Amino acid sequence: MKQQRNSRQRRLVLEAVRNHTDHPSADRIYLDVRLRDDKISRGTVYRNLNLLAANGKISRVETPGMDRFDLRTEPHYHLMCVGCGKITDAALPYQTEWDREVGAQAGYTVHTHSVLFEGLCPDCAKKDEKERGAPRE
């Protein structure tokens, strides 16, 4: 396999992901990188995000509507607010036994799994309560 050089653009993209804890979209990363290099193209940013994810330097979080990117590369779960779209890490340990159990039941060899919990973040839940006039159950 051809060795890939660590280009200046790739470093800028990685730094932009590192500067976020909110699982930014490719568009957010593009806008951040453009502040440092106004000549970089959207395609270059997207290509480097894909390359960094493929090489395990960052992880891709698949969400409805768009993929997001995360500096954490170990398996973990995410929460997504259906109100504002915010993504956060779930404080739940990765369940490796699910890989074995589901694999055994289905006859698969499961390597990994992903879980995305969807609901309202505390800020959106408060707004929802105010609009409805009562707490949501």
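All values derive from a computational prediction rather than experimental measurement.
- When atom types are taken as modelled, the side chain of Tyr77 and the backbone of Gln95 share a donor-acceptor pair closer than 3.5 angstrom.
- Between the NE2 atom of His113 and the CG atom of Asp99 there is a distance of 5.5 Å, given to the nearest 0.5 Å.
- If you chain together hydrophobic residues whose side chains sit under 4.5 Å apart, Val102 and Leu92 never meet in one group.
- Here Ile40 contributes atom CD1 and Asn48 contributes atom CG; the two are 6.5 Å apart, rounded to the nearest 0.5 Å.
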Next item on the list: Given side-chain contact (heavy atoms from CB on, under 4.5 Å), test Tyr94 with Thr112 step by step and report yes or no.
Entry: CA-CA 10 Å; Tyr94 185 81; Thr112 187; 3.0 Å; yes
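- Atom CZ of residue Arg68 and atom CD of residue Glu62 lie 13.0 Å apart, to the nearest 0.5 angstrom.
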Check: Should His78 and Thr88 be marked as a side-chain contact (heavy atoms from CB on, under 4.5 Å) after you check the CA-CA gap, both sets of side-chain angles, and the distance that decides it?
Finding: CA-CA 6 Å; His78 295 95; Thr88 58; over 6 Å; no
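- No side-chain heavy atom of Val17 sits less than 4.5 Å from a side-chain heavy atom of Lys57.
- No side-chain heavy atom of Arg10 sits less than 4.5 Å from a side-chain heavy atom of Leu14.
- Taking every heavy atom of both residues into account, Ala26 and Val45 meet most closely at O-CG1, 4.3 Å.
- Under the 4.0 Å criterion applied to side-chain N and carboxylate O atoms, Lys127 and Asp123 are not assigned as salt-bridge partners.
- Two different hydrophobic clusters hold Ile87 and Ile29 under the rule that ILVMFWY side chains link at heavy-atom gaps under 4.5 Å.
- Looking at heavy atoms from C-beta onward, His23 lies in side-chain contact with Asp89 at the 4.5 angstrom threshold.
- There is no path of hydrophobic side-chain contacts, each under 4.5 Å, that joins Met66 to Leu31.
- Between Arg60 and Asn50, some side-chain heavy-atom pair lies under the 4.5 Å cut-off.
- When all heavy atoms are compared, the tightest approach of Ser41 to Tyr30 is C-CE1, 3.7 Å.
- Between Leu52 atom CG and Thr73 atom OG1 the span is 11.5 Å, to the nearest 0.5 Å.
- What you find for Leu120 and Cys81 is that their closest heavy atoms are CA-SG, 3.9 Å.
- Summarising the geometry, atom CG belonging to Leu71 is positioned 6.0 Å from atom CZ belonging to Arg18; distances are rounded to the nearest 0.5 Å.
- Note that CG of Leu12 and CG of Leu35 are 11.0 Å apart. Values are rounded to the nearest 0.5 Å.
- Side-chain atoms of Asp128 never come within 3.5 Å of backbone atoms of Cys124 as a donor-acceptor pair (strictly under, hydrogens ignored).
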Note to self: Show, in sequence, the C-alpha distance, side-chain angles and deciding distance for Tyr46 and Asp27, and conclude whether the side-chain contact (heavy atoms from CB on, under 4.5 Å) test is met.
What the structure shows: CA-CA 9 Å; Tyr46 285 28; Asp27 282 338; 2.3 Å; yes
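- Between Arg28 and Asp22 there is no salt bridge, since none of the side-chain N atoms of the basic residue sits less than 4.0 Å from a carboxylate O of the acidic one.
- Side-chain contact of Thr44 with Arg47: a donor-acceptor pair under 3.5 Å is present, judged by distance alone.
- In this structure, Glu101 has no side chain to side chain donor-acceptor pair (under 3.5 Å) partners at least two apart in sequence or on a different chain.
- Checking side-chain atoms of Asp70 against main-chain N and O of Arg72 turns up a donor-acceptor pair under 3.5 Å.
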Next item on the list: Begin from the C-alpha positions of Met80 and Val61 and carry the test side-chain contact (heavy atoms from CB on, under 4.5 Å) through to its verdict.
Entry: CA-CA 11 Å; Met80 183 181 88; Val61 181; over 6 Å; no
